[in-house]
Amino acid sequence: MSQTSTIEADSVPLTLKLSNGQIVSFKSNVAKDTGEIPIIDIGGIFSDKIEDRKAVAEKVREASSRIGFFYAINHGIDPRYEEDTFEQAKRFFALPEETKMKVWTGQVPNEYVGYHPLNAYNNGKRKHNDLFEAFNWAYDAKYDPASRLEDKENITPSISIWPEEEDLPGFKDALYAYHAQLLTLARKMTRTFALALHMPEDYFDEHVKCPEAGMQVLHYPQQEAPADDQNGIGAHTDFECFTMVTQDASGGLEVLSKSGDWVKATPVPGALVVNIADCLMRQTNDVLVSTVHRVINKSGKERYSCPFFFGFDRKIPLEPVPGCVSEANPAKYPVMTGGEYYKWRTNMAKNNND
Ligand SMILES: O=C(O)CCC(=O)C(=O)O
Ligand SMILES: [Fe+2]
């Protein structure tokens, strides 16, 4: 399937069509350090006082409606989970290709889980395909600290595919250990987003009991091709409600601001990079913005990152949030369930390979 739609006859295309059909333009392909992505101390979300939680929510609202990205510090997750996860990522990506291909994502239609080999996609419509490889896994109620013990006996099996334990002992348990930490934080942040939208704090609670909570480890080799000819991962938006990215110290993540500049999301030690994704943008009728981003690894090192993609229960329709629609500002997006939307986007992304 060809989705190439470069409009300008420039050696660096400055307009392109994303895999979700959105057309984006930018002024230059070179990213800047503009300081537009704020660092938010989210420690107040753990406070017993609603005023403290609301104060964080207002900062989250400001960032999420302006640039759709912020750094969350003071999130309370022990750094050892991040270290263990990057160790596991390095072990996995160092396996022989045929071992990694035993969990190739092509075996799982309609889902993004499993191994995505190097050069499999071309999100930014560049001369060379995207220079990343990834392993994705999905929510599993067995590893959810909020599931009750009795429920764990009768749960729907997770859709993930995993390497054989003998190929990579301890891999799955270590990755779910960090997943569980991020899942708990994401549920808390969901309450922050409810407050940010000036809704009751528990407004989305039912939506996240059985959430869409996929996670990914990514490996970006150092890129030799010029930045105009290749991306690590090309321009895209995420599908779900919000993403929390753990990135190593290499740098390379870039965010497309509303003014059309690529802005560097330079690593901040200990911070999670949080970004709004498309479902939350749809439900908030564009009040919160899902911002286009990409990675180019010109650091001279191997880059590793680990996004946690958090969304609402697949069964629940993505209804607009009251307050985000009015007669003057009618709903822009047709309502569908999270499951329908994820399936559509997954297929568009997995077929985006030329
Ligand atoms: O590697 C990163 O920092 C971000 C990756 C990303 O945007 C994605 O996987 O959706
Ligand atoms: Fe992304």
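Atoms within a ligand are numbered from 1 in the order they appear, just like the ligands themselves.
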(request) Could you label the plane-to-plane angle of the His116 and Tyr121 rings as parallel, tilted or perpendicular, counting under 30° as parallel and over 60° as perpendicular? (result) tilted
(message) Give me the residue, atom name and distance of the protein heavy atom closest to atom 3 (O) of ligand 1.
(response) Arg303 NH2, 2.9 Å
(request) Would you mind checking if Arg53 and Glu201 are paired as a salt bridge, meaning a charged N to carboxylate O distance below 4.0 Å? (result) yes
(request) Could you label the plane-to-plane angle of the Tyr176 and His179 rings as parallel, tilted or perpendicular, counting under 30° as parallel and over 60° as perpendicular? (result) perpendicular
(request) Without swapping roles, check the side chain of Asn74 against the backbone of Asp41 for a donor-acceptor pair under 3.5 Å. (result) no
(message) For a 4.5 angstrom cut-off between non-hydrogen side-chain atoms, does Gln88 reach Val217?
(response) no
(request) Within a distance under 4.0 Å of any heavy atom of Val295, pick out the atoms of ligand 1 and give their elements. (result) 1 (O), 2 (C), 3 (O), 4 (C)
(request) Would you mind checking which non-hydrogen protein atom is closest to atom 8 (C) of ligand 1, with the distance to 0.1 Å? (result) His236 NE2, 3.6 Å
(message) Any heavy-atom pair between the side chains of Ile42 and Leu185 that's under 4.5 Å?
(response) yes
(message) Which of the numbered atoms in ligand 1 are under 4.0 angstrom from any heavy atom belonging to Ser305?
(response) 1 (O), 2 (C), 3 (O)
(request) Answer with side chain, backbone, both or neither: which part of Phe132 has a heavy atom less than 4.0 angstrom from an atom of ligand 1? (result) neither
(request) Just need the protein heavy atom nearest to atom 9 (O) of ligand 1, so name the residue and atom and give the distance. (result) Gln216 OE1, 2.9 Å
(request) Measure the shortest side-chain to side-chain distance between His236 and Ile233 over non-hydrogen atoms and say whether it is less than 4.5 angstrom. (result) yes
(message) Suppose I only count heavy atoms of Asp238 and a 4.0 Å limit; which atoms of ligand 1 are within that range?
(response) 10 (O)
(message) I need the atoms of ligand 1 closer than 4.0 Å to a non-hydrogen atom of Leu218, numbered in the order shown.
(response) 1 (O), 5 (C), 9 (O)
(message) Could you identify the N, O or S atom of His236 positioned closest to the Fe ion (ligand 2)?
(response) NE2
(message) I want to know if ligand 1 touches His293 in the polar sense, i.e. an N/O pair below 3.5 angstrom.
(response) yes
(message) If the cut-off is 4.0 Å to any non-hydrogen atom of Val245, which atoms of ligand 1 fall inside it?
(response) 3 (O)
(request) Answer yes or no: is there an ion pair linking Glu165 with Lys172, defined by an N-O contact shorter than 4.0 Å? (result) no
(message) Would you call the rings of Phe93 and Tyr115 parallel, tilted or perpendicular, taking 30° and 60° as the class edges?
(response) tilted
(request) May I ask you to identify the nearest protein heavy atom to atom 5 (C) of ligand 1, giving residue, atom name and distance to one decimal place in Å? (result) Tyr220 OH, 3.4 Å
(request) Nearest 10° is fine: what angle sits at the Fe ion (ligand 2) between OD1 from Asp238 and NE2 from His293? (result) 100°
